There are 2 protein chains.
Amino acid sequence: MEIATIKDIAKALNLSTSTVSRALRGSYEINPETKRIVLECAEKLNYRPNPIALSLKENRSRAIGVVVPEIDNPFFSQAINGIEAIAYNRGYHVVIFQSHESYDREVVNIQHLASRRVDGVLISLSGQTTHVEHLKELHTKGMPIVFFDRFSDEINTHKVVADNYQGAFEGTEHLINSGKKHIAHLAASPTLSITRERINGYKAALEKHGIPYNEDFVKYCNFSIEDMEKVIDELLSQPILPEAIFTVSDRLAMACLKILKKRNIRIPEDMALMGFSNLKVAELLSPSFTSVIQPALEMGQRAAELLLDLVEKKSKIPVYQTITLPTELVIRDSTKTASE
Amino acid sequence: MEIATIKDIAKALNLSTSTVSRALRGSYEINPETKRIVLECAEKLNYRPNPIALSLKENRSRAIGVVVPEIDNPFFSQAINGIEAIAYNRGYHVVIFQSHESYDREVVNIQHLASRRVDGVLISLSGQTTHVEHLKELHTKGMPIVFFDRFSDEINTHKVVADNYQGAFEGTEHLINSGKKHIAHLAASPTLSITRERINGYKAALEKHGIPYNEDFVKYCNFSIEDMEKVIDELLSQPILPEAIFTVSDRLAMACLKILKKRNIRIPEDMALMGFSNLKVAELLSPSFTSVIQPALEMGQRAAELLLDLVEKKSKIPVYQTITLPTELVIRDSTKTASE
DNA sequence: TTGTAAGCGTTATCAT
DNA sequence: ATGATAACGCTTACAA
């Protein structure tokens, strides 16, 4: 990996490194002829500036850190896709970190990010995270941070989220409109902002249609399959069986399908199933699975734009904003909708 | 972002930077008491070594670059998951690049990687890539490179692949065993190594069972949905309709489902559908969709291990190997299998 | 227009 | 056991 440096060019041309440096970038104060020679030589030696030296000098890395619970989750990989697109266009690299839904791991990630001297951080909190001192410290030290999807109110910065309230409202209302009254809501970690927003949307839809809220129909579970199945089993072992289940993730829907199948409960005849989803393979799914699609890609893009604006100090005094992007209700089997 | 440096500690303690440096790492040649004081002060100032300065000095970045066609593809996001796990454990960071199946973009990615001074590269080639001079140059300059999934024979290095031949063979044989004779094979780019291997497996299964190979049943298509649908339409407009379609990706299977639905062809009664898949939501799929699952996570892990061994020169004279991991045939609806 | 020198944070070498 | 200095690659006052 022998790579030519500015010194090599200087030596080859009998110039000083500063002249070479000037020729290579700002063309001010430089003899056009010298510049030509330098560029030619740089080309010949296949010179590439060393970004590490640059980083050391400028105290910036031209890289942003992204902390997500799991890369291998369609929502986050789509979001990263959006982030990468924007970062790439603006000359930044993306360094990925996974918290694996663990608070401890998230803290370690943040330490790594800080010591890696990334120029900014995009983060979606882990399901375990209940306090954010680790981020607060980083933020007060001046590190630009932008939340997407899962945020904390304790840090005053940009937030880019899906309209979880409206998404849950519409989804729930769709179930109500197709004749369901007993609707269960299978939520994720109660500590997450998205969980609260979704439950509120769910409640609002029930209320609008005069359906009493039944606490037993709302279940929380973490991200392990075992836990999901346990919770679903509990839900289905109650005296009153729901007529529909609204899940907040594909994995939960999957777990539901499995349990329902085991109990010989037919979908959608015996029980309707719907929920938040991010699969790109909609057509491969059971046609009766109506879903609330999140704008993952766009969330990533918007978050990255906001972050890079902060990093590049486009606005001297940042006015932090919360951007809420709409979800989309996708009904696959329209025949089922109007009926009943 | 004011972060304490070794200088700050030295100043605070009236020591030289070299003493502080020694106290901080190698504990040889240092007064235990001095060491204690330094560590205490470092703790107080929340000192974190600057990896950029380290990188400059050591001419290494402790980061590896990963080039994949699309992050937002379950196969690659699972592979990245495996890569990240290994890299994390061994103290490396992962910098992600996407080629978006474009050769030009892949070349740019490689340039970025090189100038970023990553310590090694993991790559799965783009569907457009037919020559690999960009990688050859990097490799001959000494950059460790490991291929996973999609490789080129022109570069002598480690390769980690799925057993595409066997996967396609088993999948095709499964269709044959369930009574199908006219089996179409929907392949990806003909330039990719995986495409060749899979077609060979497909052919071998046909041959084993005495079914003549029909060229019209093998179609190539690129990664755009439009192209997929066009090719599938062509396939279904031929004089002899296949009884089964073997697809090499989830997106292709999806496109098939769409077209088949439009033409009112029932699955699996009129036409069986199966193929390579990487979805984690198997249970959400149509129960008749049999799939050949690729060991994406493990491929990422193995590739990362091999790369980091190269990077750390564990073996002075590397013996490059090709690791082939088995695929898994997952039959969801066992009732259909034995019948017919 | 070009060269000299200092500095970014760290470590290794060579004094002391 | 500790300190001074050079070096990693690059930019930028400041000098010439």
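To find a chain, count down the sequence lines: A is the first, B the second, and so on, and within it residues start at 1. Since we're looking at a predicted model, the values are computed, not measured.
Taking the side chain of A:R22 as heavy atoms from C-beta on, and the options D:dC10, C:dG3, C:dT10, the nearest nucleotide is C:dG3. In this structure, of D:dC10, C:dG9, D:dG3, it is C:dG9 that holds the atom nearest to the side chain of B:N50. Here the nucleotide nearest the side chain of B:A53, chosen from D:dA1, C:dT10, D:dG9, is C:dT10. When the nucleotides D:dG9, C:dT11, D:dT11 are ranked by their closest atom to the side chain of A:L56, D:dG9 comes out on top.
Between the base of D:dA4 and the side chain of B:S18 there is a donor-acceptor pair shorter than 3.5 Å. B:R117 contributes no side-chain N or O that forms a donor-acceptor pair with the base of D:dG9 under 3.5 Å. Counting atom types as modelled, B:R48 pairs no side-chain N or O with a base atom of C:dG9 as donor and acceptor under 3.5 Å.
Within 4.0 Å of B:I52, counting heavy atoms only, lies no atom of the nucleic acid at all. As judged by a 4.0 angstrom heavy-atom cut-off over every strand, A:T34 is placed among residues touching the sugar-phosphate backbone only.
For the residue pair A:Y88 and B:H112, no side-chain donor N or O sits within less than 3.5 Å of a side-chain acceptor on the partner. Under the 3.5 Å distance criterion, with hydrogens and angles disregarded, no donor-acceptor pair is assigned to the side chains of A:S102 and A:S99.
The number of heavy atoms from other shown groups lying within 6.0 Å of CD (A:E133) is above 12. With a 6.0 Å radius and a threshold of 12 heavy atoms from other residues, nucleotides or ligands, A:E33 has its CD atom above the threshold.
Rounded to whole angstrom, the span from the NZ atom of B:K7 across to the C1' atom of D:dT5 amounts to 13 Å. As rounded to whole Å, 10 Å separates atom P of C:dC8 from atom CG of A:N59.
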